[in-house]
2 protein chains.
Amino acid sequence: MGAEGHADGTVGKALDVLDMVASHGRPVRFSDLLAQSDYPKATLYRLLQTLTHQGMLALDPDQGTYALGVRLVRLAHAAWAQSSLAPIARPYLDELAAKTGETIHLAQMDLGQVLYVDKRNAARPVEMFAQAGKVGPAYCTGVGKAMLAWATPEALEQALARQSFHRHTDQTLDTPEKLVAELQAIRARGHAFDREEHEKGIICCAVPILTRSGRVLGALSVTSTTARTTLAALEDQAGLTKDIAARIAAEAESWRFPEQS
Amino acid sequence: MGAEGHADGTVGKALDVLDMVASHGRPVRFSDLLAQSDYPKATLYRLLQTLTHQGMLALDPDQGTYALGVRLVRLAHAAWAQSSLAPIARPYLDELAAKTGETIHLAQMDLGQVLYVDKRNAARPVEMFAQAGKVGPAYCTGVGKAMLAWATPEALEQALARQSFHRHTDQTLDTPEKLVAELQAIRARGHAFDREEHEKGIICCAVPILTRSGRVLGALSVTSTTARTTLAALEDQAGLTKDIAARIAAEAESWRFPEQS
DNA sequence: CCGTTTGGTTCCATTATTTGAAACTTAGTC
DNA sequence: GACTAAGTTTCAAATAATGGAACCAAACGG
């Protein structure tokens, strides 16, 4: 984990530290962070101090532990409302969940990884942050492949470099070559499948959410299990899913520029 | 330097820019940001580029606008789960809401401002300012005053310096002196009131959430309107509210150090 | 009780990054 | 085709970050 690609500048390092604190999932002591990172003591210290002073981290003086700060929660609120597709897509996800009766995922791309920003479990809708924020691999999930298939060449290249190509199941596409070939097929077909590539028994059919100009905003998937259904049955829902994706895209675009005059 | 207090180092400036983008509530053009900040063109440009490269901002190439990035949502997930009292407090808020039938707010302090981290609406909800994820002033809200009343001298001083003391209503405490006097009364009494100091017709009774060592973790308020109830009636709930606050504090403390030999 | 370790904080000369005025490159107008 | 507005790049000077080492404090061990 220490080897974060190219942490440009001080800001990159600071954000790297932020991620490090976040990844622990609980307040961390200075020395834990020091052991984990390969920053020198003084450097890490000042980085932490700056972040704390900025409210991005909070130092618990009783325990000498660092936790993520409230300023992050505030920014998060804005990010959620503004940048993510989730608030726009909410009613559409409800509709799709109701019509298909299956689990629905809404995902966006985050530096080569898939970020699930919203979800509907076949039964019940969930709280804001409870589901948002989970990340997963791009190369072996339906939503990931759907987004990669329509990514720009540069974005694709960057993303490919960040994939681990770990062989989760015996269906996993475990080389860039296999993946690129699959992406072409997906583009031709218009939707992506997950053929138990990430988790045994889990299958899905995913479509990209595209602007009119063809840029990828995110992806939408209908997920189920081999026990309950088949890929062919899921594919029957692809038309509906694409329709929903198009409506989300349309609303996302109009929502972002209400001052068109 | 500019209007922003003390933006130490490059990281501070970058976060400042992040806030600036967040505050717009919608994607912003470079030139808008340039006009708003007093950073020189090139500086702001590189700052934005760094943040974008780091995934904290997202540049919409179609429109040339910047929005908050998905990495922020991911961090938010961690922040929400880890740093905020919200996940711990959730069941207690439910209980308090059920027993009082009024609106409940859970807040924490964010650089001199009040951050509402969770909320329960009354059976008959009232339109008001506070919302989860939103920030508000400290000097004229119940939760704000409750937290300030038990803040350390240093924290109080810093916070005071950041208050605007804008006179929202004719009940607003509009000078540091009045506020400090009120804080003393609050400490003596054990809970804070909001006597329509922020919004006309809105009253509340708030208590701090304190660790055993006396450190402020947050505050909890029971809020209503003058039309529906009185301060005295709200004060009757203070005991219950304090009890809930104590239970939240206890759980927050034990939750943070499960590895206690 | 004192020497030692552990965990955290500060110094400061060196080094590398950031800075920002100005020059430049596009797109878009008239 | 000249003129503008908006965004991008350059480069020497200014500034901030760096990190080895020294320092401090509290806990530990004999």
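Here the structure is a predicted model, which is why all the values come from computation and not from measurement. Throughout, protein chains are lettered first and strands after them, A, B, ... in sequence-line order, and every chain is numbered starting at 1.
A sub-4.0 Å separation between OP1 or OP2 of D:dA5 and a side-chain N or O of B:S31 is absent. Taking 4.0 angstrom as the limit, A:Y45 places none of its side-chain polar atoms (N or O) nearer than this to OP1 or OP2 of C:dG8.
Note: CG (B:L34) to P (D:dA5) measures 14 Å, nearest angstrom. Residue A:L59 contributes atom CG, which lies 17 Å from atom P of C:dG7 at whole-angstrom precision. Taking atom CD of B:Q49 as the reference point, atom P of C:dT17 lies 16 Å away to the nearest angstrom. Between B:R29 atom CZ and C:dG28 atom P the separation is 13 Å, expressed in whole Å. For the pair B:L48 CG and D:dA6 C1', the computed distance is 14 Å after rounding to whole Å. Look at CG on B:L44: it is 12 Å from C1' on C:dG20, rounded to the nearest Å.
Here OG1 of A:T10 is found 10.0 Å from CZ of A:R46. Values are rounded to the nearest 0.5 Å. Taking CG of A:L51 as the start and NZ of A:K13 as the end, the distance is 13.0 Å to the nearest 0.5 Å. Rounded to the nearest 0.5 Å, atoms CD (B:Q113) and OG1 (B:T141) are 10.0 Å apart.
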What protein N or O atoms touch nucleotides 13-18 of chain D N or O atoms at under 3.5 angstrom, if any, and at what distances?
residue	atom	partner	partner atom	Å
D:dA17	OP1	B:T10	N	3.4
D:dT18	OP1	A:K13	NZ	2.9

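Side-chain contact of A:R71 with A:Q54: a donor-acceptor pair under 3.5 Å is present, judged by distance alone.
B:Y139 and B:F165 have their aromatic ring centers within a separation under 6.0 angstrom.
Mapped onto DNA chain C by nearest heavy atom, A:Y66 and B:A42 fall at different nucleotides, with A:Y66 at the one closer to the 5' end.
Between the side chain of A:K41 and the base of D:dG20, no donor-acceptor pair of N or O atoms lies under 3.5 Å.
Every residue two or more places apart in sequence or in another chain that forms a side-chain contact (heavy atoms from CB on, under 4.5 Å) with A:D243 is listed here: A:R247.
Distance from the side chain of A:F30 is smallest for C:dT9 among the nucleotides D:dG7, C:dT9, D:dT10.
Between A:A219 and A:V143, the closest heavy-atom pair is CB-O, 3.6 Å.
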